[in-house]
*Asks:* 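Got a structure for you, questions after.
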Amino acid sequence: MFYFSDTVESKLRAIPELSVQYLKKQFDLVLSYNYEDVKKYELKYTSIYYSKMSDSILKTIPKFESVDVLFIGAARNRLDIIRKAYAKLINAGLSCYFFVVSDQTLEAYNDGIYYSSKAMPFKEYLGRTISSKCILEIVDTKTTGGTLRFWEAIMYDKKLITNYKYTKDSKFYNPKSIHYYSSIEDINPTFATNGHDVSHNYNNENSPIYFLELIDEYLSKQKR
């Protein structure tokens, strides 16, 4: 079994010689979370399954100062959008923590965003997520599958500002706790601080156990 946990295009950029057709010949099952890739390459769809940390593990996570809006992600081809979103939220008086990973030197911007060549350690990442009121998601334009940012907001009862266009199809969608935007100009900064209590009522709907069950189901069908 082979699983694309990112877009096929991103993998092809990193590994130009990669062949999806070759993978399909070598593996009994090739899965993708990205709807467009599923259609284009005739793959099988799966969600990005992800475990919510247990209470015992969460007790070991470092605590950070609370912020209104958190963004953690790679620069990729969206740096201008990230900086524009940060400026809009800061100018609206919100407290923000933006951490951007890039293989380019970006400190010269000196705009309040934290730039790094290395990914943030997971425990810090989770601690900052839990300490935030709202998560900002800026989805790559090629992404048409549910993301980890979405599931983190759902699991840890955080507000979410997202441009993921399929958000409204989710059973968890509620305009009081999930704010969809198609461009940075659409973002309403007051959404993050309007005082609405968030409870997504998550009940392990995205547990990895379902991933294993899905694999078993697909492979069982092939044997028939």
Side-chain angles (χ1 to χ4, degrees), residues 1-51 71-86 98-107 109 113-122 125 129 135-154 160-170 180-184 206 208 210-219 221-222:
M1 188 277 294
F2 188 94
Y3 170 45
F4 280 103
S5 60
D6 205 341
T7 62
V8 171
E9 181 176 299
S10 70
K11 297 302 182 186
L12 290 175
R13 285 199 300 266
I15 313 172
E17 62 272 22
L18 178 67
S19 167
V20 177
Q21 294 307 317
Y22 175 79
L23 292 176
K24 290 172 69 176
K25 291 177 181 179
Q26 298 300 312
F27 292 90
D28 294 323
L29 179 64
V30 181
L31 297 166
S32 171
Y33 83 107
N34 200 53
Y35 291 118
E36 292 301 319
D37 288 336
V38 168
K39 291 189 292 184
K40 182 177 179 179
Y41 297 102
E42 298 182 332
L43 309 178
K44 297 297 184 181
Y45 172 78
T46 179
S47 173
I48 292 187
Y49 292 100
Y50 187 39
S51 292
F71 174 85
I72 301 174
R76 293 180 183 166
N77 58 352
R78 53 186 177 171
L79 182 60
D80 288 344
I81 298 175
I82 294 170
R83 296 183 67 228
K84 189 175 181 180
Y86 179 80
F98 276 42
F99 184 93
V100 176
V101 180
S102 174
D103 55 4
Q104 300 177 3
T105 301
L106 301 173
E107 289 82 354
Y109 280 123
I113 295 175
Y114 293 89
Y115 297 103
S116 175
S117 60
K118 298 180 180 179
M120 179 181 289
F122 179 72
Y125 168 82
T129 297
I135 296 171
L136 171 65
E137 178 176 55
I138 301 175
V139 174
D140 188 293
T141 55
K142 299 295 183 180
T143 299
T144 55
T147 67
L148 295 180
R149 299 295 178 275
F150 173 83
W151 286 110
E152 286 157 357
I154 299 303
L160 177 68
I161 298 174
T162 179
N163 63 337
Y164 175 54
K165 64 181 180 180
Y166 294 103
T167 296
K168 293 184 179 181
D169 295 334
S170 169
Y180 171 77
Y181 70 94
S182 58
S183 67
I184 298 302
N206 207 48
Y210 297 120
F211 184 45
L212 299 177
E213 291 177 354
L214 182 71
I215 294 171
D216 182 64
E217 178 184 349
Y218 277 138
L219 294 179
K221 288 180 179 178
Q222 290 182 14

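What you are looking at is a predicted structure, and each value in this text was computed from that prediction instead of being measured. We number each residue from 1, following the sequence as shown.
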*Asks:* For the residue pair V30 and F27, what are the closest heavy atoms and their distance?
*Replies:*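 Closest approach of V30 to F27: CG2-CB, 4.2 Å.
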*Asks:* Could you go through the ring-ring contact (aromatic ring centres under 6.0 Å, His included) check for Y166 and Y35 one step at a time?
*Replies:* CA-CA 10 Å; Y166 294 103; Y35 291 118; 5.2 Å; yes
*Asks:* Quick check: do Y210 and T46 have side-chain heavy atoms less than 4.5 Å from each other?
*Replies:*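 No, every pair of side-chain atoms sits at 4.5 Å or beyond.
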*Asks:* First locate atom OH of Y164, then atom OH of Y181, and finally report the distance between them rounded to the nearest 0.5 Å.
*Replies:*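 If I round to the nearest 0.5 Å, the distance is 14.0 Å.
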*Asks:* Does any non-hydrogen side-chain atom of E152 lie less than 4.5 Å from one of Y50?
*Replies:*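 A side-chain contact under 4.5 Å exists here.
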*Asks:* Are any non-hydrogen side-chain atoms of L136 and F98 less than 4.5 angstrom apart?
*Replies:*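 With C-beta onward as the side chain, the pair touches.
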*Asks:* Any side-chain heavy atom of I138 sitting closer than 4.5 Å to one from F71?
*Replies:*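 The answer is yes, as the side chains (C-beta and beyond) meet within the 4.5 Å cut-off.
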*Asks:* Mind checking the CG-CD spacing from L12 to E17? Nearest 0.5 Å is all I need.
*Replies:*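 It comes to 10.0 Å.
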*Asks:* Tell me if the centroids of the rings in F211 and Y3 come within less than 6.0 Å of each other.
*Replies:*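 Yes; Y3 has its ring centre under 6.0 Å from that of F211.
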*Asks:* Is there side-chain contact between L23 and F4, with heavy atoms separated by less than 4.5 Å?
*Replies:*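 L23 reaches F4 side chain to side chain.
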*Asks:* Between CG of L214 and OH of Y45, what distance do you get to the nearest 0.5 Å?
*Replies:*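 Output value for this atom pair is 10.0 Å.
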*Asks:* Heavy atoms, side chains only, cut-off 4.5 Å: are L43 and K24 in contact?
*Replies:*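 Touching, per the 4.5 Å side-chain cut-off.
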*Asks:* Which heavy atom of D37 sits nearest to which heavy atom of S32, and what is that distance?
*Replies:*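 That would be CB-OG, 3.8 Å.
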*Asks:* Locate the shortest heavy-atom distance separating I82 from A74; write the atom from each residue and the value.
*Replies:*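 Scanning both residues, the minimum pair turns out to be CD1-O, 4.1 Å.
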*Asks:* Working to the nearest 0.5 Å, report the span between CG of D28 and CD1 of I215.
*Replies:*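 D28 atom CG to I215 atom CD1 measures 11.5 Å (nearest 0.5 Å).
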*Asks:* Any side-chain heavy atom of L148 within less than 4.5 Å of one from Y33?
*Replies:*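 L148 vs Y33: side chains apart.
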*Asks:* Less than 6.0 Å separating the ring centroids of F99 and Y114?
*Replies:*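 Ring centroids of F99 and Y114 are no less than 6.0 Å from each other.
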*Asks:* Measure the spacing between CD1 of I184 and CD1 of I161 and express it to the nearest 0.5 Å.
*Replies:*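 Separation between the atoms: 9.5 Å.
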*Asks:* Got a donor-acceptor contact below 3.5 angstrom from the N206 side chain to the I48 backbone?
*Replies:*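 Checked: pair present.
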*Asks:* For V101 and A119, which heavy atoms make the closest approach, and how far apart are they?
*Replies:*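 Closest heavy-atom pair between V101 and A119: CG2-CA, 3.9 Å.
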*Asks:* Do side-chain atoms of R149 reach the backbone of I72 as a donor and acceptor pair under 3.5 angstrom?
*Replies:*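 Judged by distance alone, yes, a pair lies under 3.5 Å.
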*Asks:* Find the distance between CD1 (I113) and OG (S102) and round it off to the nearest 0.5 Å.
*Replies:*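 The OG atom of S102 is 11.5 Å from CD1 of I113, to the nearest 0.5 Å.
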*Asks:* Of all the heavy-atom pairs spanning K165 and Y180, show the shortest one and how long it is.
*Replies:*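 Here K165 and Y180 meet closest at CA-CE1, 3.7 Å.
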*Asks:* Taking atom CD of E213 as the centre, report whether more than 12 heavy atoms of other residues, nucleotides or ligands fall under 6.0 Å from it.
*Replies:*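 For E213, atom CD is crowded (more than 12 foreign heavy atoms under 6.0 Å).
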*Asks:* With the side chain counted from C-beta on, respond yes when L29 and L219 share a heavy-atom pair under 4.5 Å apart, and no when they do not.
*Replies:*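 Yes. Closest side-chain heavy atoms under 4.5 Å.
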*Asks:* If only atom types and distance count, is the side chain of N163 paired as donor or acceptor with the main-chain N or O of V139 below 3.5 Å?
*Replies:*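 Pair found, side chain donor or acceptor close to backbone of V139.
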